[in-house]
2 protein chains.
Amino acid sequence: MLNLQSPLSRKLTAFVALSDADLATLARFDRRRKTFHSGHEMIHEGEVNASAYILSTGWACSYKILPDGDRQIVDFQIPGDFLGLRSILFRTADHTVEAITRIEASEVLEPDLLDAFANAPRLATAVLWAASRDEAMVVEHLVNLGRRSAEERMAHLLLELGARLHLVGLGDEAGFDCPLTQYHLADALGLSAVHVNRVLRRLREDGLVTFQKGRVIVDAPARLRDLAGFDTAYLDQTGPLLR
Amino acid sequence: MLNLQSPLSRKLTAFVALSDADLATLARFDRRRKTFHSGHEMIHEGEVNASAYILSTGWACSYKILPDGDRQIVDFQIPGDFLGLRSILFRTADHTVEAITRIEASEVLEPDLLDAFANAPRLATAVLWAASRDEAMVVEHLVNLGRRSAEERMAHLLLELGARLHLVGLGDEAGFDCPLTQYHLADALGLSAVHVNRVLRRLREDGLVTFQKGRVIVDAPARLRDLAGFDTAYLDQTGPLLR
DNA sequence: CGGAGCTTTGAGACGGATCAAAACTCGTGG
DNA sequence: CCACGAGTTTTGATCCGTCTCAAAGCTCCG
């Protein structure tokens, strides 16, 4: 029951059928397990030869800081997600990754990845697929910022997080635990923290979602999806890729 | 002088040293050359098993359409860029790609890519690098929409296009030819077309950039970069990766 | 029980949207 | 060679969503 143990294998096997050999190689990614405390910067923008990680417990976020000190969060990472995968190919990391909660993660070095590509082609495909999915999420976030109102953005983000968490066995249809502050939400959605607060209140008063005390409860899933224009196509790619 | 002939090889060799065998494999990507007229949708959101292309002449853009008809352009593609590379791994395309001008492009099928990955590892690395760079650009666009003012966004976009065009031998320090309408700019920057017009006027009146009659002229490069907070780090990765 | 970080609320300012309409550009056909 | 028309650019007036500044209330850890 390897697949049920690790959030990553649970996520990958949902989309690519992996052989036992693939799963064994995947399991080897889990050596070098480390713990980081909340707030720790695991990868720094500008850092050379940064490592990548696979997140197994806790939440992280990746962001960029502007000259004036403003921050734009690009994505949140939850168990099963890669941290800084892109920065392995780049000489210097182009973004920062920070632990939001206390985190457990396995460090992935370049040779691990190359080994996987050479010896476990199906796994390599799966990793590539995961990277493409990450990019698809960034694209959807771009659409969010460019063309949706504050409330639509918030609805979309919460629905995405819910769907992703559900996929790795955290949270269910009703809701999920969420350690994000309103500052995190603001920096992800391109809003001010003050406005985030008002938006959350309106969504709550309209009976759509409630986000309080670290828990998100989706009160009216259908109406919320409708408001956000939320389409899971970019996330789930229904059923395993065989090829 | 293969590298000077194709914009793609010119771009890739700037970052990864390619062997003659790599270059030969790369040249084989150039069979199946096709022409598309301006406005043609080469890849449709939702399309299954879409092909990818390498753009050799002309401009394209990739975008998503929202339920209410709004459009968010994710990126523009210029000669040497891949079109729809991500959609090869996905069962269905998650975005649309449309020709802005008349276009010449070479169709790349899945087997071509797999062949390259199996037989030309350095080229495979280069392709992966190109995909990572595409993602880095999307991330930078996200920052643009989330945390920059309308003028900063415009300045940033024009500087990015200039830098990318320069890299493939189109345009120089002074400026470049640009077939985009103000509607394109608006949909890329998350603004209204009317506001785009006013922003361009202000930038022109401030002596920063002039965009008129299909040509962009950078009047004050240093001041423009300063306004935009433009750092080429995410684009050029100075000097060839050897590994 | 104190205090730091987070959430909540109010008042006012401002960037960019929207609506409306005129002016320009350029390819096309008469 | 001119007139037309579709697409594009430009400008004005007004409106609205979100920001900023300010301050109070809450929560939870030490």
Please tabulate, for the side chains in residues 216-230 of chain B, all donor-acceptor contacts under 3.5 angstrom to protein atoms that are two or more places apart in sequence or on a different chain.
from      : atom 1 : to        : atom 2 : distance (Å)
Asp219(B) : OD2    : Thr210(B) : N      : 3.4
Asp219(B) : OD2    : Thr210(B) : OG1    : 2.7
Arg223(B) : NH2    : Asp206(B) : O      : 2.8

Residue pairs meeting side chain to side chain donor-acceptor pair (under 3.5 Å), one or both in residues 187-198 of chain B, sequence neighbours left out, come to Arg147(A)-Asp187(B), Arg71(B)-Asp187(B), Gln182(B)-Asn197(B)

Side chains of Leu185(A) and Val199(A): does their closest heavy-atom pair fall under 4.5 Å?
no

Shortest non-hydrogen pair, Ala50(A) vs Ile88(A), comes out as O-CG1, 4.4 Å

Expected list for residues 57-78 of chain B near DNA chain C, using heavy atoms below 4.0 Å, is none

What string of B, S and - do you get for nucleotides 6-14 of chain D 5' to 3' if you count protein non-hydrogen atoms under 4.0 Å?
--SBBBBB-

For Gly190(B), which contact category applies under a 4.0 Å heavy-atom criterion: base, sugar-phosphate, or nothing?
sugar-phosphate

Looking only at non-hydrogen atoms, find the nearest pair between Asp177(B) and Leu165(B) and report the distance.
O-CD1, 4.3 Å

Check residues 53-67 of chain A and write down every donor-acceptor pair under 3.5 Å in which the side-chain atom is one partner and the other belongs to a residue at least two apart or another chain.
from     : atom 1 : to        : atom 2 : distance (Å)
Ser56(A) : OG     : Arg33(A)  : NH1    : 3.2
Ser56(A) : OG     : Glu104(A) : O      : 3.0
Ser62(A) : OG     : Gln77(A)  : NE2    : 3.4
Tyr63(A) : OH     : Glu41(A)  : OE2    : 3.4
Tyr63(A) : OH     : Glu98(A)  : OE1    : 2.8
Lys64(A) : NZ     : Glu140(B) : OE1    : 2.4

Please step through salt bridge (Lys or Arg N to Asp or Glu O under 4.0 Å) for the pair Asp81(B) and Arg164(B), ending with a clear verdict.
CA-CA 10 Å; Asp81(B) 288 344; Arg164(B) 289 168 60 186; 2.8 Å; yes

Do the side chains of Phe90(B) and Arg133(A) get nearer than 4.5 Å, heavy atoms only?
yes

What is the bend of the helix from dC1(C)-dG30(D) to dG30(C)-dC1(D) when you compare the axis at one end with the axis at the other, using five pairs each and rounding to 10°?
40°

Less than 4.5 Å apart, any side-chain heavy atom of His95(B) and any of Val74(B)?
no

